[in-house]
A.B. asks: 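Could you have a look at this structure, given as structure tokens, before my questions?
Below, chains carry the letters A, B, ... as their sequence lines are ordered, and counting in each starts from 1.
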Number of protein chains: 2
Amino acid sequence: MKNYSKYPKYYVAVDCVIFGYDIRKKLLKLLLVKRNIDPGKGSWSLAGGFVKEKESLDDAAARILRKLTGISTVLLIQSRTYGDTDRDPGARVISTSYYALTGTSEINHELVKDNGAHWRSVEDLPKLVFDHSKMVNQALHDLQNLLKTKPVGFELLPEKFTLVQLQELYEAILQVKVDKRNFRKKILSMDILEKLEEKEKQTSKKGAWYYTFKKERYDKLSMNGFSFNLDVS
Amino acid sequence: MKNYSKYPKYYVAVDCVIFGYDIRKKLLKLLLVKRNIDPGKGSWSLAGGFVKEKESLDDAAARILRKLTGISTVLLIQSRTYGDTDRDPGARVISTSYYALTGTSEINHELVKDNGAHWRSVEDLPKLVFDHSKMVNQALHDLQNLLKTKPVGFELLPEKFTLVQLQELYEAILQVKVDKRNFRKKILSMDILEKLEEKEKQTSKKGAWYYTFKKERYDKLSMNGFSFNLDVS
DNA sequence: CCAAAAGTGTTTTCTCTACACCCATGT
DNA sequence: ACATGGGTGTAGAGAAAACACTTTTGG
């Protein structure tokens, strides 16, 4: 429009930090792709793309996530916007990073493979293109904070999970050791988990009870001033 | 550059949520301007502007803050990026909001006046243009979180302040009532304040001791694992 | 001398932490 | 019968919350 026309325009992109959790190896993973466009073609990169004319930033992030994994209903949270002049040597590009929490079960693994994407442990990441490593660090930090104050750990686990698995997830992401009894006491006292009449029997002879997250119960409690807190030591 | 040329470009802006604290009235204030460009010319608005070719987003926010207030050394923190397609009816504009904490004393009030800016209490804001009200709400939320976990309250107070004033600031921003004895116990036990040999005598006959924030002391403690916490009830 | 705001400790409650043994079952 | 991982309770320390009176001094 006329009024703005003397001002410059820039490319606007989004980049997705896609977190997944490997329940067997107890590792937080990240979905990376090989960049298919210059500059930096062939480098490891976050899944990203330019924002289209008729889509919001949020929609662009959702589209990129969907295209790569087939998932559409996950937590997808805006993290930070990166706007240094020389962050992309190809041109001035402003990029907003989002992070996603994906239960690995909902993922379309064929699609992931076809897109040339790979899961990598966050503790063993390759060099990433541009400022993508900064994006990962920031997103990881955001995730750690979120995990302490919102019940989002369940997003990274299957529908049914054991308390041991939940604890291991907290230990893996927050990088701490947690006391088993204290952890169970805290999480169970919140009354947001439901114990099922079914056991997980792969990892032990005795078997461990499955639980599910009672979302409606949590929502109701939240409305009455309850706030989730699991600032584990 | 060649490779990106098939993708669209957009205007990129920043908007500043400039917080100030009125120590006498015990109110958190916000610096607003009248928008001088269509669309929305004449509406109340945050201080904002387009990002120039050779400046980062952070630099753009700092420039806008400086132009309006004369201040250059304040906390200026990125909040969130707003990218809905129709947020600005004039054109597609992606805008990143920043919030600033300003001690009202450092402000060049002449400059503020010349720019047609006005301080308004956050509890009594006019309708703002576009999605600027959302920006304010988000920034206020961010500020409240920050205040609990980082010693930033001092940024909004003069160099010398009394414990009563500090407590009132917390009460005003977090919207809670705080027990005087518990508040003092907590903040003093952190050993990050220095008591001066001077009293504030305007507001009472007895007078209240002035304190200053010991920044170096806080930095040293932080390095040794101390973390500020004032999650007052 | 009195009004107005500043300053000060103690008790109780709750939350956090540390810690070690029994249970169930498949092989 | 035994090895493997799952599950459980309690006591002590420390932090948070509740609570009311004394001090100072300008007018």
A.B. asks: What does A/T203 touch in the nucleic acid at a heavy-atom separation under 4.0 angstrom: a base, only the sugar-phosphate, or nothing?
C.D. replies: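 Touches sugar-phosphate only.
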A.B. asks: Near DNA chain C, under 4.0 Å by heavy atom, which residues of residues 170-185 of chain B?
C.D. replies: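 Heavy-atom cutoff 4.0 Å gives B/K180, B/R181, B/R184, B/K185.
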A.B. asks: Which nucleotide span of DNA chain C, 5' end to 3' end, has atoms closer than 4.0 Å to non-hydrogen atoms of chain A?
C.D. replies: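 First and last nucleotides in contact are C/dT17 to C/dG26.
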A.B. asks: Measure across B/K186 and B/S189 and return the closest heavy-atom pair with its distance rounded to 0.1 Å.
C.D. replies: O-OG, 2.8 Å
A.B. asks: For DNA chain C, find the residues of residues 223-232 of chain B with a heavy-atom distance under 4.0 Å and give them by number; none if there aren't any.
C.D. replies: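 Per residue number, the list is empty: none.
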A.B. asks: Tell me whether B/T102 contacts the main-chain N or O of B/F19 through its side chain, where contact means a donor paired with an acceptor under 3.5 Å.
C.D. replies: yes
A.B. asks: Tell me which donor-acceptor pairs under 3.5 Å the side chains of residues 151-176 of chain B have, and how far apart each pair is, sequence neighbours excluded?
C.D. replies:
unit_1, atom_1, unit_2, atom_2, d
B/K160, NZ, B/E198, OE1, 3.1
B/K160, NZ, B/E198, OE2, 2.9
B/T162, OG1, B/Q165, N, 3.1
B/Q165, OE1, B/T162, N, 2.9
B/Q167, NE2, B/E171, OE2, 3.3
B/Q167, NE2, B/V178, O, 2.9
B/E168, OE2, B/K26, NZ, 3.3
B/Y170, OH, B/L147, O, 3.2
B/E171, OE2, B/V178, N, 2.9

A.B. asks: Passes side-chain hydrogen bond (donor to acceptor under 3.5 Å, both in side chains), A/K134 versus A/N137? Steps please.
C.D. replies: CA-CA 5 Å; A/K134 265 163 74 177; A/N137 292 145; over 6 Å; no
A.B. asks: Any chance you could lay out the side chain to side chain contact (heavy atoms under 4.5 Å, CB included) test for B/L146 and B/Y99, step after step, and finish with the verdict?
C.D. replies: CA-CA 12 Å; B/L146 193 67; B/Y99 65 100; 3.6 Å; yes
A.B. asks: Can you check whether A/M190 reaches A/N229 side chain to side chain, under 4.5 Å on heavy atoms?
C.D. replies: no
A.B. asks: Donor-acceptor pair, A/R120 side chain versus A/D124 backbone, under 3.5 Å?
C.D. replies: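 Checking the backbone N and O of A/D124 against the side chain of A/R120, a donor-acceptor pair under 3.5 Å is found.
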A.B. asks: Determine the minimum heavy-atom distance between B/W209 and B/L196, stating which atoms define it.
C.D. replies: CE3-O, 3.4 Å
A.B. asks: Treating A/N115 as the side-chain partner and A/K67 as the backbone partner, does any N or O pair qualify as donor plus acceptor under 3.5 Å?
C.D. replies: yes
A.B. asks: Collect all protein-nucleotide pairs involving nucleotides 23-27 of chain D in which both atoms are nitrogen or oxygen and the distance is under 3.5 Å.
C.D. replies:
unit_1, atom_1, unit_2, atom_2, d
D/dT23, O2, B/K206, NZ, 3.0
D/dG26, OP1, B/K201, NZ, 3.4

A.B. asks: Indicate yes or no: at least one non-hydrogen side-chain atom of A/L46 is less than 4.5 angstrom from one of A/L32.
C.D. replies: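 Touching, per the 4.5 Å side-chain cut-off.
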A.B. asks: With a 6.0 Å cut-off on ring centres, are A/H132 and A/W44 close enough?
C.D. replies: no
A.B. asks: Hey, are B/D219 and B/K215 close enough for a salt bridge, meaning a charged N less than 4.0 Å from a carboxylate O?
C.D. replies: yes
A.B. asks: Between the side chain of A/K113 and the main-chain N/O of A/A117, is any donor-acceptor distance below 3.5 Å?
C.D. replies: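 Looks like no, no N/O pair under 3.5 Å.
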A.B. asks: Have a look at A/Y98 and tell me which of A/L75, A/I77, A/V17, A/L57 forms a side-chain contact (heavy atoms from CB on, under 4.5 Å) with it.
C.D. replies: A/L57
A.B. asks: Determine to 10° how strongly the helix from C/dC1-D/dG27 to C/dT27-D/dA1 is bent, judged from the axes of its five-pair ends.
C.D. replies: 10°
A.B. asks: Can you establish whether the number of heavy atoms outside B/H109 located under 6.0 Å from its atom NE2 is more than 12?
C.D. replies: yes
A.B. asks: Output the rounded distance in Å from CD (A/E200) to P (D/dG5).
C.D. replies: 12 Å
